[in-house]
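On a predicted model such as this, the values are computed, not experimentally measured, just so you know. Just so we're on the same page: letters track the sequence lines, and every chain starts at 1.
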Protein chains: 2
Amino acid sequence: MTITQQKSNFTDSVEVDVSHNPVYVGVEVAILEQRLPPGMRLAEKDLAEIYGVSRTIVRAGLQALSHSHLVTLRPNRGASVANPSPREAREVFEARELLEPRSAREAALKATKKDIADLRLHAEAEHEAMQENSSGRALRLSGLFHVKIARIANQQTIANFIESLVSRSSLIIALYWTRSSTRCDEHCHNAIIDALERNDPDEAEQLMRSHLVEMHSALQFGVPEARNKNLKAILGQ
Amino acid sequence: MTITQQKSNFTDSVEVDVSHNPVYVGVEVAILEQRLPPGMRLAEKDLAEIYGVSRTIVRAGLQALSHSHLVTLRPNRGASVANPSPREAREVFEARELLEPRSAREAALKATKKDIADLRLHAEAEHEAMQENSSGRALRLSGLFHVKIARIANQQTIANFIESLVSRSSLIIALYWTRSSTRCDEHCHNAIIDALERNDPDEAEQLMRSHLVEMHSALQFGVPEARNKNLKAILGQ
DNA sequence: GTTCTCATAAACGTATACAATTTTTGGACT
DNA sequence: AGTCCAAAAATTGTATACGTTTATGAGAAC
């Protein structure tokens, strides 16, 4: 027991590094792209086979995903893709409506030319995904746009909250989005970029707020239909 | 590969359940009570001995703690108590100043007689901890008070964010609190309870805001002094 | 006395074995 | 057919073994 305090020789705390865990990365992207439907069971043995790792790695990845509210773990019953309740869905969008307009305002004050160029490129990628009918990829990119705005605002703590809320939104949209209302991210996102480029905080804040309200109001908290898919077909390497 | 979607037979997503992991619980409380100083190394073997479990359990607990920003994991270098930078400290309090006054407002609208009674009891426990000079315990209870307010506001998603921010505040206070300024939670907390009891949202919001600003302004982001402690002595069963 | 090198020890990363628990299955009975 | 129950199979929970990486320390060189 020779353990003492370590020298604080690193300035910034290092986040949990799960970026190298193939299970975490693969399942996260699959959820964000709506290839894995809410509620789908994620058996450890299957994931271990799919990614060619041991259950040790699988469990670490699943635990991390459950911290992000993307996966639900129940003792002795294993993991499944999270299944956010109507209440949780409402709360997530309420939280986004609280945090993101403020972030957009800050981003408008701080955005550099490089930031704007990056966002324009990103919007282009979103547009392409839409064109080629990759709706899953388009949805994930759309979420990433919101995270990028938050990162430009340079408040990492709040940006992390927003990132978590945005991720959960993919599941919420999968469950509660009304087929009738069509998504119009392209127009909204371009308008927000314009406001950032003009360094117009009021406009950026207001555009972000109405964009979120619009999304929120397109959700219908009824009973979602069932789905049924094959895990290996979805995640197959 | 016979895995298909499970029946969504539970209404609310279940949180990660680490409450039964003795490492998670023990280390978390020790950090919140400032018995474990920022930066202190947490060797897996030592924790396994202390809590009488295998390294498997230790690693799961440490991973969960790192998601809460209470522990820092570095690949191949193990875990240590987090060491929030001045920037992170500032961000955490900025986020609290954004979220908690709003929660206090909501809580004032929703607080029941039972909620008020519970808060009064809690304030009493805080008072006792102060009296008997259990400053660590007092600090943890003080944080818990803020979490309880957020839970009364009945927005679990935001309450979870606040809980995370409050936990991190214990480390921030350990590092950056000025000895000169003395903590006066008792007065502030009682005033907030009074405002909640009167169902006065404006007052509750304002009291919470000034309480947080006062705490924030008592932080001094200089170089913290070093400490040196023995792990088994701190966590000893 | 300091610094460098390399052997040794300590600690972490991952796979795997086995125990505990849950789920499934097959048959007896109503 | 439908229900109940016990046995079998499947799945998760935990400990441990072993390879890899990092930290430590003794001795040589300067």
Q: Enter the inter-axis angle for the ends of the helix from C/dG1-D/dC30 to C/dT30-D/dA1 (five pairs per end, rounded to 10°).
A: 10°

Q) Can you name the side chain to side chain donor-acceptor pair (under 3.5 Å) partners of B/Ser135, sequence neighbours left out? A) none

Under the salt bridge (Lys or Arg N to Asp or Glu O under 4.0 Å) test, which residues partner [X], sequence neighbours left out?
X	answer
A/Glu94	A/Arg90
B/Arg102	none
B/Asp115	none

Q. For A/His216, which residues count as a ring pair (Phe, Tyr, Trp, His ring centres under 6.0 Å) partner, sequence neighbours excluded?
A.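 Checked A/His216 against ring pair (Phe, Tyr, Trp, His ring centres under 6.0 Å); matches are A/Phe93.
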
**Q.** Non-neighbouring partners of A/Tyr24 that pass ring pair (Phe, Tyr, Trp, His ring centres under 6.0 Å), sequence neighbours left out
**A.**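 With sequence neighbours excluded, A/Tyr24 shows a ring pair (Phe, Tyr, Trp, His ring centres under 6.0 Å) to no residue whatsoever.
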
**Q.** Pairwise salt bridge (Lys or Arg N to Asp or Glu O under 4.0 Å) hits with a residue in residues 134-146 of chain A, at least two apart
**A.**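 Of all non-adjacent pairs touching residues 134-146 of chain A, those that pass salt bridge (Lys or Arg N to Asp or Glu O under 4.0 Å) are A/Glu33-A/Arg140.
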
(Q) Does the protein touch nucleotides 12-21 of chain D at the base, only the backbone, or not at all? Give it as B, S and - per nucleotide, heavy atoms under 4.0 Å. (A) BBBBBB---S

